[in-house]
Amino acid sequence: MAIDFVKVAVKWQEKWKNARAFESDPSSSKEGYYIQTAYPYPSGAMHIGHGRTYTVPDAILRFRRMQGFNTLYPMGWHVTGTPVIAQCEKVALKDKKTIDIMTRVFKIPKQDLKMLTEPVSFVNYFVDKASTGYKAGMKKLGIGIDWRRELKTIDPHYSKFISWQYNTLRKKGLVIAGKFPVRYCPHDKNAVGDHDLSEGEGVDIVEYMVYRFRCGDVFLPAATLRPETVFGVTNMWLNPKEDYVVASVSGEDWVVSRTAAEKLKHQHPESEVKVKSDFDVSKIFGKTCRNPVTGDEVPVLPASFVSGEFATGVVMSVPAHAPLDFMAVEDLKKDSSLLEKFGVDKSVVLGIKPVALIKVEGYGEFPAVDVCMRLKVFSQDDPRCEDATNEIYKKEFHTGVLNERTGKFRDIPVSKAKAVLSAEFRKENLIGSFFELSARPVTCRCGTEVVVKILDNQWFVKYSDEKWKKEVRDQISSMQFVPKDFKSSFDYTVGWLENKPCARQKGLGTPIPWDPDWIVEPLGDSTIYMAYFTLSHIVKELDSGKLDDTVFDFVFLKKGDAGEISKRTSVPAEKLLEMQESFDYWYPLRFNCSANELVQNHMSYSIFQHTAIFPKGKRQNGELVLGMGLLEGKKMSSSKGNVILIDDIAGSMGADMVRFFLLNMVEPWQDFDWRQRAVEKSMRGVQAFFSEVHEIALSVSDAKKIAEVDLESDDLWILSKINRSLKNATVAFEAFEVRKAIMSVFFDMSRDFRIYMEKSVSRSDTETVLAVKRYFADVWVRAIAPVTPHVCEEIWSALGNDSFVIDAAWPECEQGLINDAIEKSVELVETVISDIKNICEITGNQNLKKAVVFVSQKWKWLVVKEAMKLTTEKFDSGKVISEVMKNPVVRANGNQVPKFVQLIAKSIHELKETLVEVDEFEVLSGQADYISEQIGCKLIVESGENPSFDPLGKAKNAKPMKPAIYLE
RNA sequence: GCGGGGGUACCCGAGUGGCCAAAGGGGUCAGGUUCAGGGCCUGAUAGUUUAGCGCUUUCGUCGGUUCGAAUCCGGCCUCCCGCACCA
């Protein structure tokens, strides 16, 4: 009778629940094994992509549990953050697309939509109420979670924990205040990420350096990406066609473009930026301004290439190294009408000579001049000017060195100049910053153009701290990464990670304890929660108002005295101790699992913060990086409806089949592609085998043990095969190679078992075969139980067991039952059969009358064995021949030896690894009946030495493990 | 640009030094299952050749290491992913 996989799943989930099978507590007799998977952000329904994320650790934990570990798998809900808020707003506004996704894709009944207009209610709905939600989904997949420990990140207890976390970091100097440039929407009054944009995703913020050139009582703030060029300034450029204003910035009057003034308003939080007046640009041409670094007085001149849209609209001219500047000067020299218009004497321009500050291999003193000549650039409006600029900038950046003009900076490579100069000049307040978007337009979803804003008093986690980074690197080097290539990704992330803002002003979450206007942002409150899970079920019974930092200091860091803390907080001392012990028992975390896209943030922050807060040995030992999911070759996407919900698929296929295919498609860290048709096609076969084993289980529950019966060679063979597969599976599971483990247990073992069943059909009711079947069912059901636990419980109980299979011992490989000779013998028999069948087919011989096989001559075996012994690296045929000839048996066939040695030369290395000596004559004779049956005629086995019947002289072709064949 | 991972037959994909002309699936073709269709089953799916063999060509590309390379090394072409305030 076929098994109903859906019913079986429900049945056993209920039984586990009643038995509290997954409630894990510290134990003195068992070692703890704790894995955590990134808790989900429940903003919608759970689909198979999420399903895989939680099924992989579940299977690993079930395996470890059977190995005798005390396993822990807790789960929580990461609900802090803004996406839910955005969703609620959209539902409230009855946004068509959102409503469509909610009702059609997530299958939310229309009358429930009103619960989705408020963030907390929204979250609760998808966690607890929706049948398509996460909790329901995890339960339907049979994920073994200790639900007592469930939490939401807005729980008051959890908030106390986060407060403790940030207070602790701050005490260590790892949370600091500072300024930070962000992309910002002036309309929404909020920082915007890529997902908030309607165009301009991926556009960076670039920092221009600003030098303030004094000109009378105003300043000309020249913006540049190359601060070193301040040493080569010959004049200043403004564009007479642009609109300039006088703006008050930090107590100074700056002449900037009108656009720039607007941008500056967002960039100087310390003082208000105000436009004081329009500025008549024509009056300034011909006047001079003072270079703040060199002290030179340089003239202000008009140029058409200057744009008010970029940076300040004020540009310093460096004709030696900037083609545009050089051409603009040349343009003025050629045509002085513009100068005349502004009453500037031509001699001012004629007096401008380029000033060099960089030496570059392959160019003359003035690289910009060289390249303009070579590329035949004729004016600042010439498009080739851009090519010239690109060439010079690249060349100078990579190979240029500052010259003596730069004084103490000489010999510094240009590539390092920016960092060195800006650090130096900043100290002397000679230089400032102007932030600009690297490309445009960048538009918010609301339609407003995005600007750069400096956030003041922003709180940062100081990931740039070198001492901290060093500790993290040490920590990483002690950790295990699956797959192991990801270690380099983590190392790399540690390298580039800089200070990370950890607070924001909008959204759900925990307030920064010392600055409650700010809320800990969502990447900041999900880094060490794994530690909290070890005691969340205990702490949630306490009054959250009583929890303070000393409680957590005691619990996690063993600081303070339980009695004293208890007295002050009225948290019972035994609870404090229980929590401390619990953390102590479960930590370090064995593995933290998450998707590969989170390596460079969540997972890295988690390592950083564990390292900062917890002592060595109480952090995490490993990271498992999971791959992403595709559906029918395309990215899964709720908004496109390209998802399969766990609710649906578990209901139609049953939990075990979903689990089986999620785990079997690819290894955990690889991206998987769910193809429904392929799954359905192969599912039948998979289900059939489970049903078959179930039948067997029912029929063999009182069979004898294999030790109590006489075993024939076929029996020994299958026992050997079973144990070999088991060995492979154990190794694979330990390495997180779940797919490999399934291949070994399910495919290899079941294929071998089917062969065995076929071969033993004539004696299928003997007590020996029944004992073997029982042995197989007993081992197999336990070995596949981590993958398909529900159906395995069914089979396990059919075998007459009263306890759960999830609590059964992992079937260890019985090394003594692995038998190379037996396996080789069977291989030999199968080779002979398939060879004979092959020949018949090719020759069209439908009616085989006689089959004779000639096993290899003894001397050939001797030669092969000797050759294997002599060959360590290189095959030396001469040496082999002379050596084997010493043996009289071989010498008797001396004339054939050289040819044979040549023949085996090719395959000696492969033979070496696989050859096990078997008595071919005996094996084939013993199996002659079986072979005869398979090929449909009588089989005669002859020795290769002196065959009694060999009309075509085939016997001499026999090789070890490859008998010669004669057919009639 | 920086960093990570890839490119395997008609397609998807396994495969990390020799049992590899290369698993598995899909597709296609042929045959069967005696109404059609579906489903299911069997076989074929680089070429040539053959009494199981063998040979030739093939794993992005060009070279290298090796007795031996899809697998190791180097260059090149090319695709995907991440690069921060976003969960």
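Per chain, numbering begins at 1; letters A, B, ... match sequence-line order.
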Taking A36(B) as the reference, what is the distance to A44(B) when you measure between their P atoms (whole Å, please)?
26 Å

What distance, rounded to whole Å, do you find between the two P atoms, one in A87(B) and one in G18(B)?
48 Å

Which is true for Pro522(A) with a 4.0 Å heavy-atom rule: it touches a base, it touches only sugar-phosphate, or it touches nothing?
sugar-phosphate

By salt bridge (charged side-chain N to carboxylate O under 4.0 Å, His left out) - contacts of Glu623(A) (at least two apart):
none

Minimum-distance nucleotide (side-chain atoms of Tyr605(A) versus A14(B), A87(B), A84(B)):
A84(B)

When the P atoms of G74(B) and G5(B) are compared, how many Å lie between them, rounded to an integer?
13 Å

Taking atom P in both C20(B) and G54(B), what distance in whole Å separates the two?
13 Å

If you measure from the C1' atom in U8(B) to the same atom in A21(B), how many Å do you get, rounded?
12 Å

Using the C1' atom in both, what is the distance from C79(B) to G60(B), to the nearest Å?
10 Å

Earlier contact from the 5' end, RNA chain B, for Arg504(A) and Met628(A)
Met628(A)

What is the nucleic acid contact for Phe747(A), judged by heavy atoms within less than 4.0 Å: base, sugar-phosphate only, or nothing?
nothing

Assess, by modelled atom type and distance only, whether the side chains of His602(A) and Ser604(A) contain a donor and an acceptor separated by less than 3.5 Å.
no

Which atom pairs, donor and acceptor, lie under 3.5 Å between side-chain atoms of residues 736-749 of chain A and protein residues at least two apart or in another chain?
unit_1, atom_1, unit_2, atom_2, d
Arg739(A), NH1, Asn664(A), O, 3.2
Arg739(A), NH1, Met665(A), O, 2.9
Ser744(A), OG, Ser725(A), O, 2.8

Determine the contact category for Pro963(A): base if any of its heavy atoms lies under 4.0 Å from a base atom, sugar-phosphate if only primed atoms, P, OP1 or OP2 are that close, otherwise nothing.
base

Below 4.5 Å, heavy atoms only, C-beta onward: do Met46(A) and Tyr54(A) meet side chain to side chain?
yes

What is the pairing partner of A30(B), taking Watson-Crick or G-U wobble pairs with both distances under 3.5 Å in any strand?
U42(B)

Can you name the atoms? Protein N/O to nucleotides 1-6 of chain B N/O, anything below 3.5 Å, with the distance.
unit_1, atom_1, unit_2, atom_2, d
C2(B), O2', Tyr492(A), OH, 2.8
G3(B), O4', Tyr492(A), OH, 3.3

Using the C1' atom on both, measure G27(B) against C10(B) and round to a whole Å.
8 Å

Of the candidates A87(B), A14(B), A84(B), the side chain of Leu497(A) sits closest to A84(B)

Does Gln670(A) make a side-chain N or O approach to OP1 or OP2 of A14(B) shorter than 4.0 Å?
yes

For U57(B) and U61(B), measure between their P atoms and round to the nearest Å.
15 Å

Starting at the 5' end of RNA chain B, which residue's closest nucleotide do you reach first, Asn596(A) or Phe180(A)?
Asn596(A)

Establish, from distance only, whether the side-chain atoms of Tyr184(A) and His266(A) form a donor-acceptor pair under 3.5 Å.
no

Given C83(B), A87(B), A23(B), identify the nucleotide with an atom nearest to the side chain of Met743(A).
A23(B)

note: His602(A), atom NE2; G82(B), atom P; distance rounded to Å ~ 16 Å

Would you please name every residue forming a salt bridge (charged side-chain N to carboxylate O under 4.0 Å, His left out) with Glu692(A), sequence neighbours left out?
Arg754(A)

Quick check on G26(B): is either OP1 or OP2 less than 4.0 Å from any side-chain nitrogen or oxygen of Arg675(A)?
no

Those residues that, when tested against Lys462(A), pass side chain to side chain contact (heavy atoms under 4.5 Å, CB included) (two or more places apart)
Ile176(A), Ser464(A), Asp465(A), Asn499(A)

So, using salt bridge (charged side-chain N to carboxylate O under 4.0 Å, His left out) as the criterion, who are the partners of Arg226(A) when residues are at least two apart?
Glu228(A), Glu396(A)

